[in-house]
Amino acid sequence: MIKSSELILNPDGSVYHLNLLPEHIAQDIIFVGDQNRVEKITQFFDSIEFSTQKREFKTQTGIFKGKRITVMSTGIGPDNIDIVMNELDALVNIDLKTRTLKEKITSLNIIRIGTSGSLQTDIPVDSFVMAKFGLGLDNMLRSYLIDKISIPKMEDAFIKHTNWDSRKGQPYIIPCSEKLEKRLESDRIFKGITATAGGFYGPQGRVLRLNIQDENLNSKMDNFNFEGTRITNLEMETAAIYGLGKLLGHHCLSLNAIIANRASGTFSEDPYKAVDELIGYALEKLAE
C-alpha cells in the first residue's frame with residue numbers, strides 16, 4: 001500500500017495538484033503550457049463534460065467529432081511535468097481508494113501542443129516541428145532510473161560536441177512514441193531533436209544582467225548532427241514528458257508551432273494563427 005505522504009489526495013479523493021478523479025480524464029490527452037490555451041482548444045469541442053482548475057493546472061474533458069479528449073495545462077518547466085505525469089498515471093494505474101497498484105497497466109496517449117523557437121535557419125517561423133527525440137538539459141529525470149529508455153550513443157555524441165560541463169549534470173535523450181509519430185505525422189512537419197531546458201533565460205542562452213556558463217551553447221546545438229538528426233528547437237517540457245511517459249508506459253508526442261527563429265532573429269508576425277493551425281491539425285488527427 002502506498003503511504004499517504006507519497007500519494008497525497010484531497011478530501012474528495014482527487015489527486016492533490018490536478019484535483020482530478022479517474023473518471024475526469026480521457027485516454028487521449030492534450031498538454032498545453034498556458035492555462036488560457038485550454039479553452040482555445042476546447043472551443044472546437046462538440047461538448048464539454050468536465051472542467052476544473054487548481055493553481056496553473058486547468059483541465060477540460062469533452063467530445064470532438066465523437067472522440068473523448070482531455071485538454072490540460074501543465075504550466076512551465078520539467079518540475080511541473082513531474083507533477084502532472086505522476087498524478088495522471090496515478091489516476092489510471094493506482095486504485096486511489098486502496099492505494100494499491102492495479103494489475104493491468106493503462107497507457108495514455110499524450111500529445112503536447114506548444115510554442116517554441118527554432119535553432120535552424122531553414123525551419124521558419126509559423127512552421128510545425130515534431131520532436132522525434134527529447135534532449136533533456138534539466139536533470140529532473142535523473143532522479144529516476146532511465147538507463148533502459150535513454151540513448152547513450154546520442155547523449156555521448158552531444159556531450160562531446162558541446163564540451164558539456166559535467167557540473168551541470170548529464171544530458172539525456174529519449175525517443176517519442178512511434179505509434180503517435182505515425183498517427184500525427186505529415187509532409188508539412190519538420191522532425192528532429194527538441195531540447196528541453198530547465199529555465200527560460202540563462203539555461204536557453206539568454207543574457208540580461210547575468211553572464212552564463214557557456215555563451216556558445218546555442219550555436220553548438222545549432223550544428224549538432226547525429227546520424228542525420230539535428231536539434232530543431234528549444235523549449236522547457238518535451239524531454240521530461242518523453243522520459244516519464246516511457247518509464248510509466250504511456251505514449252507521448254510533442255508538437256510545436258515555431259513562433260521565433262533564434263538563428264535568424266525573427267519572430268512570427270501572427271503567432272496566434274500558427275498555434276491555432278497546429279491545434280486544428282492535432283485535433284483532426286486525433287479524431288481520425
May I ask you to check whether over 12 heavy atoms, not counting those of [X], lie within 6.0 Å of atom [atom1]?
{"X": "Ile189", "atom1": "CD1", "answer": "yes"}
{"X": "Tyr144", "atom1": "OH", "answer": "yes"}
{"X": "Glu277", "atom1": "CD", "answer": "yes"}
{"X": "Lys273", "atom1": "NZ", "answer": "no"}

Side-chain heavy-atom pair [X], [Y] within 4.5 angstrom cut-off:
{"X": "Leu20", "Y": "Phe57", "answer": "no"}
{"X": "Ile258", "Y": "Ser116", "answer": "yes"}
{"X": "Ile279", "Y": "Ile30", "answer": "no"}
{"X": "Tyr281", "Y": "Ser186", "answer": "yes"}
{"X": "Met85", "Y": "Cys252", "answer": "yes"}
{"X": "Phe45", "Y": "Ile69", "answer": "yes"}
{"X": "Ile193", "Y": "Met221", "answer": "no"}
{"X": "Phe44", "Y": "Leu283", "answer": "yes"}

To the nearest 0.5 Å, what is the distance between [atom1] ([X]) and [atom2] ([Y])?
{"X": "Ile123", "Y": "Lys191", "atom1": "CD1", "atom2": "NZ", "value": "13.0 Å"}
{"X": "Phe226", "Y": "Asp156", "atom1": "CZ", "atom2": "CG", "value": "9.0 Å"}
{"X": "Ser150", "Y": "Leu247", "atom1": "OG", "atom2": "CG", "value": "9.5 Å"}
{"X": "Leu141", "Y": "Ile149", "atom1": "CG", "atom2": "CD1", "value": "5.5 Å"}
{"X": "Gln43", "Y": "Gln60", "atom1": "CD", "atom2": "CD", "value": "10.5 Å"}
{"X": "Glu103", "Y": "Asn93", "atom1": "CD", "atom2": "CG", "value": "12.5 Å"}

For [X] and [Y], test the side chains for any donor-to-acceptor distance below 3.5 angstrom and give the result as yes or no.
{"X": "Asn109", "Y": "Lys179", "answer": "yes"}
{"X": "Asn86", "Y": "Asp82", "answer": "yes"}
{"X": "Asn80", "Y": "Glu56", "answer": "yes"}
{"X": "His161", "Y": "Asn225", "answer": "no"}
{"X": "Asn19", "Y": "Ser14", "answer": "yes"}

message = Taking salt bridge (Lys or Arg N to Asp or Glu O under 4.0 Å) as the definition, give me every residue that meets it alongside Arg206, ordered by chain and number, with sequence neighbours left out.
response = none
Pairing residues for Asp122 by the salt bridge (Lys or Arg N to Asp or Glu O under 4.0 Å) criterion, not counting sequence neighbours = Arg230
Please name the pair of heavy atoms, one in [X] and one in [Y], separated by the smallest distance, quoted to 0.1 Å.
{"X": "Ala257", "Y": "Phe128", "answer": "CA-CD2, 4.4 Å"}
{"X": "Lys220", "Y": "Thr162", "answer": "NZ-O, 2.9 Å"}
{"X": "Ser177", "Y": "His251", "answer": "OG-ND1, 3.1 Å"}

Residues in side chain to side chain contact (heavy atoms under 4.5 Å, CB included) contact with [X], at least two apart in sequence or another chain:
{"X": "Ala240", "result": "Pro78, Ile81, Met140, Tyr172"}
{"X": "Pro171", "result": "Leu135, Leu137, Phe158, Ile159, Trp164"}
{"X": "Asp79", "result": "none"}
{"X": "Glu215", "result": "Ile212"}

Whether the side chain of [X] engages the backbone of [Y] through a donor-acceptor N/O pair (distance < 3.5 Å, no angle test) should be reported.
{"X": "Gln120", "Y": "Ala263", "result": "no"}
{"X": "Arg142", "Y": "Gly169", "result": "no"}
{"X": "Thr70", "Y": "Ala26", "result": "yes"}
{"X": "Gln204", "Y": "Gly199", "result": "yes"}
{"X": "Glu155", "Y": "Ile173", "result": "yes"}
{"X": "Ser268", "Y": "Asp270", "result": "yes"}
{"X": "Asn10", "Y": "Val15", "result": "yes"}

Counterpart residues, side chain to side chain donor-acceptor pair (under 3.5 Å), relative to Lys285 (two or more places apart) = none
If the condition is ring-ring contact (aromatic ring centres under 6.0 Å, His included), which residues does [X] pass it with, not counting sequence neighbours?
{"X": "His17", "value": "none"}
{"X": "Phe267", "value": "none"}
{"X": "Phe31", "value": "none"}

Side-chain heavy atoms under 4.5 angstrom apart, residues restricted to Ile, Leu, Val, Met, Phe, Trp, Tyr: same cluster for [X] and [Y]?
{"X": "Phe224", "Y": "Met130", "answer": "no"}
{"X": "Ile113", "Y": "Val125", "answer": "no"}
{"X": "Ile29", "Y": "Ile63", "answer": "no"}
{"X": "Ile25", "Y": "Leu244", "answer": "yes"}

message = Quick check on side chain to side chain donor-acceptor pair (under 3.5 Å): which of Asn233, Thr196, Thr238, Thr194 does Ser254 satisfy it with?
response = Thr238
ask   = With ILVMFWY side chains joined below 4.5 Å, transitively, what does Tyr16's cluster contain besides itself?
value = Ile8
request  = In plain terms, say whether Glu227 and Lys153 are close enough for a salt bridge, that is, a side-chain N and a carboxylate O under 4.0 Å apart.
outcome  = no
inquiry  = Taking the basic N atoms (NZ, or NE/NH1/NH2) and the acidic carboxylate oxygens, is any pair closer than 4.0 Å for Lys168 and Asp214?
reply    = no
query = Applying salt bridge (charged side-chain N to carboxylate O under 4.0 Å, His left out), which residue pairs with at least one partner in residues 19-47 are found, sequence neighbours left out?
reply = Asp28-Lys67, Asp28-Arg183, Glu39-Lys58
